[in-house]
2 protein chains.
Amino acid sequence: MENEAEKEAGAEFQPLYAQVKALITKRIGAGEWKPGTMLPNEFQLAAAFNVSQGTVRKALMALEAERLIVRRQGRGTYVARHTSERTLFHFFRMVGMDDRPAEPISRALSQKTVTATREFAARLEVPRGTPLHCITRYRIMNGAPAIFERIYVPVRCMPDLAVEPGSEMLDEMYVIYQERFGTTIAHASERLASVAATDEVARQLGLAGGSPVLQIFRVARDVNRVAVELRISFCRTDLFRYAVELN
Amino acid sequence: MENEAEKEAGAEFQPLYAQVKALITKRIGAGEWKPGTMLPNEFQLAAAFNVSQGTVRKALMALEAERLIVRRQGRGTYVARHTSERTLFHFFRMVGMDDRPAEPISRALSQKTVTATREFAARLEVPRGTPLHCITRYRIMNGAPAIFERIYVPVRCMPDLAVEPGSEMLDEMYVIYQERFGTTIAHASERLASVAATDEVARQLGLAGGSPVLQIFRVARDVNRVAVELRISFCRTDLFRYAVELN
DNA sequence: GAGTGGTCTAGACCACGGT
DNA sequence: CCGTGGTCTAGACCACTCG
């Protein structure tokens with residue numbers, strides 16, 4: 001018997017459930033199944049891919065573990081939708097001294113277009129000189145500016161990305177990427193360092209020049225692991241901490 | 001039919017595979033199955049717990065995901081053994097500027113016994129005043145001191161824990177905990193901050209006083225989520241970065 | 001009550017590692 | 001060769017959600 005999965009996936013050996021998972025991921029990434037929509041049930045998917053329901057289940061459980069879909073007993077399987085809460089929970093690591101998650105308010109300072117330096121091009125895996133949106137903003141936690149950051153996104157990825165300087169940003173950037181451009185951020189890689197605040201950073205954060213601040217380099221990638229955003233953040237860590245759980 | 005799992009686990013509802021998983025975890029934690037030993041095969045476990053082989057498999061796969069066991073096709077299922085490599089890979093987050101994992105060498109400076117302050121007691125979830133081992137050491141990466149840290153462990157957890165001051169520590173602490181005391185570290189929670197180096201820290205790391213360094217508070221827990229170790233580290237981040245992957 | 005995902009079982013066959 | 005875990009299937013029953 002010839003499986004739909006085998007036909008589409010080619011010759012390299014992969015377990016059936018992995019092939020099914022890859023096919024579903026591709027359809028979600030391609031926008032055939034949009035965020036918030038319900039997927040066919042397990043038996044329908046099994047019939048469509050010509051595998052058994054148990055195999056589909058294994059693929060779906062793996063996709064749920066990667067937070068690409070959400071499954072609810074009695075309701076169905078849905079393509080995950082980025083909400084501000086979900087994004088904050090998964091991608092925002094700052095907590096208060098009491099270990100409760102901080103709730104940031106973001107305010108844009110400026111937006112312009114720049115060309116990728118050699119370093120930025122390497123990090124974003126685009127050619128040097130590629131046009132990038134550059135958004136400068138700060139984030140307020142518990143009433144005081146606590147993070148100052150610049151966000152770089154290839155213009156080609158999100159042509160008419162625009163934020164209102166001075167405005168409060170109601171949605172997280174990742175919600176905007178998903179809702180406006182269909183790009184779902186699924187992975188991010190961060191590199192942290194302790195540095196002395198430059199004059200600009202110190203001024204924005206209300207610190208003395210040279211104060212120690214936490215510098216975070218982040219590269220965010222979509223479902224297909226394509227680099228979509230580079231972000232450089234400077235955080236006060238006198239009132240907040242960066243939290244990591246190792247398992 | 002009455003299941004062994006149901007008998008042992010009591011009345012609160014848990015899926016069978018979760019009960020089986022808990023039972024296996026308990027046996028490993030209690031030392032009935034020691035690190036490095038092979039577990040019975042799936043069918044033997046299924047017979048012992050009076051469930052089907054598929055249910056045992058689900059429990060074992062969950063335990064493998066938590067790195068409590070290691071499964072090898074054709075060989076069997078083994079209780080995970082802490083090796084220096086595994087510990088470094090899972091619990092040591094520093095990487096070089098080229099993103100390659102740093103390979104630290106540890107050297108003990110001193111060991112003494114202290115009593116838990118209110119804060120330390122709270123973090124370790126022990127009564128205030130509890131005796132703690134306090135080990136001070138530094139770690140060398142690429143030839144230069146890069147981390148200075150103090151490690152606190154309740155004396156009751158590891159009565160005769162001892163390190164040779166001045167000696168190079170060949171094994172990671174977590175390997176020592178497991179091999180000498182049967183305590184497997186399974187989780188750790190870290191809080192990071194950027195701080196100015198105190199004179200002591202600056203001297204040990206060869207930095208100017210007040211240089212920005214990365215301060216890491218870590219609480220490590222065993223298989224049963226009991227807090228076993230508190231560690232405060234100060235890291236140079238001019239040549240190395242702290243790496244985080246968000247998924 | 002109809003439809004969904006969650007759990008559990010039973011059995012077949014395959015791939016791998018050692019004898 | 002045998003024993004192990006890995007994959008895949010098929011079907012039963014349960015728990016949850018909603019109309």
Side-chain angles (χ1 to χ4, degrees), chain A residues 1-9 11-24 28 33 36-80, chain B residues 1-9 11-24 28 33 36-80:
Chain A
M1 191 202 305
E2 184 84 7
N3 287 313
E4 175 72 11
E6 284 172 26
K7 278 189 228 153
E8 291 193 34
E12 323 92 2
F13 173 72
Q14 282 279 93
L16 274 185
Y17 69 83
Q19 297 178 37
V20 169
K21 176 174 169 244
L23 289 170
I24 296 174
I28 292 174
W33 287 326
T37 61
M38 187 173 129
L39 263 55
N41 74 33
E42 296 179 350
F43 288 95
Q44 292 169 322
L45 288 171
F49 292 128
N50 199 17
V51 298
S52 78
Q53 175 256 3
T55 300
V56 168
R57 166 176 293 271
K58 191 158 183 182
L60 291 176
M61 292 208 302
L63 289 168
E64 184 180 40
E66 296 182 10
R67 297 188 204 81
L68 211 63
I69 60 175
V70 177
R71 283 155 71 75
R72 291 279 168 261
Q73 184 174 155
R75 297 232 311 218
T77 299
Y78 297 80
V79 181
Chain B
M1 189 202 305
E2 185 84 8
N3 287 311
E4 177 72 10
E6 286 171 25
K7 279 188 229 154
E8 290 194 35
E12 325 92 1
F13 173 72
Q14 282 277 94
L16 275 184
Y17 68 84
Q19 297 178 37
V20 170
K21 174 173 171 245
L23 288 170
I24 296 174
I28 293 175
W33 286 324
T37 62
M38 186 172 131
L39 263 54
N41 74 33
E42 297 180 350
F43 288 95
Q44 291 169 321
L45 288 171
F49 292 127
N50 200 18
V51 298
S52 77
Q53 174 255 2
T55 300
V56 169
R57 168 177 292 272
K58 193 159 182 182
L60 292 176
M61 293 208 301
L63 288 168
E64 184 181 41
E66 296 182 11
R67 298 187 202 84
L68 211 64
I69 60 175
V70 177
R71 283 156 70 75
R72 290 278 167 261
Q73 185 174 156
R75 299 245 314 253
T77 299
Y78 297 81
V79 180

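All heavy atoms count here, side chains included; hydrogens, waters and symmetry mates do not. Each chain gets a letter, A, B and so on, in the order the sequences are listed, and its residues count up from 1.
A/Lys21 has its NZ atom 13 Å from the P atom of D/dC8, to the nearest Å. Taking atom CG of residue A/Asn50 and atom P of nucleotide D/dC8, one finds them 13 Å apart after rounding to whole Å. We find that CZ of A/Arg72 is positioned 11 Å from P of D/dC18, with the value rounded to whole Å. As a whole-Å value, the separation of B/Leu39 CG from D/dG3 P is 19 Å. A straight line from CG of A/Leu16 to C1' of C/dA15 spans 15 Å, rounded to a whole angstrom. Distance, A/Leu60 CG to C/dG6 P: 9 Å, rounded to whole Å. Spacing between atom CE of B/Met61 and atom C1' of C/dC8 amounts to 14 Å, rounded to whole angstrom units. Between A/Phe43 atom CZ and C/dG6 atom C1' there is a gap of 12 Å when expressed in whole angstrom units.
Taking 4.0 angstrom as the limit, B/Tyr17 places a side-chain polar atom (N or O) nearer than this to OP1 or OP2 of C/dT7. Between B/Thr77 and the phosphate of D/dG5, there is a side-chain N or O to OP1/OP2 separation shorter than 4.0 Å. Contact between the side-chain N/O atoms of A/Thr55 and the OP1/OP2 oxygens of D/dT9 is found at a separation under 4.0 Å. Phosphate proximity of D/dT7 to A/Lys58: present, with a side-chain N or O under 4.0 Å from OP1 or OP2. Contact annotation: A/Arg71 side-chain N/O to C/dG6 OP1/OP2 distance is under 4.0 Å.
Interatomic distance, B/Phe49 CZ to B/Leu16 CG, rounded to the nearest 0.5 Å: 11.5 Å. If you take CG on B/Leu39 and CZ on B/Arg71, they are separated by 9.5 Å, rounding to the nearest 0.5 Å.
A donor-acceptor contact under 3.5 Å is formed by the side chain of A/Arg57 with the base of C/dG6.
Looking at A/Val51 and A/Tyr17, their side chains never come closer than 4.5 Å, going by heavy atoms from C-beta outward. Put simply, the side chain of A/Met38 does not reach to within 4.5 Å of the side chain of A/Arg72, judged on heavy atoms. Within the 4.5 Å cutoff, the side chain of A/Ile69 has heavy atoms near those of the A/Ile28 side chain.
With the nearest nucleotide of DNA chain D identified for both B/Gln44 and B/Gln53, B/Gln44 has the one nearer the 5' end.
Across all strands shown, B/Glu42 has heavy atoms under 4.0 Å from sugar-phosphate atoms exclusively, and none from any base.
What you find for B/Glu64 and B/Val70 is that their closest heavy atoms are OE2-C, 4.4 Å.
With B/Gln44 contributing its side chain and B/Asn41 its backbone, the two residues share a donor-acceptor pair below 3.5 Å.
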Tabulate protein N/O versus nucleotide N/O from nucleotides 16-19 of chain C, keeping only pairs under 3.5 Å, one per line.
residue, atom, partner, partner atom, Å
C/dC16, O4', B/Gln73, OE1, 3.3

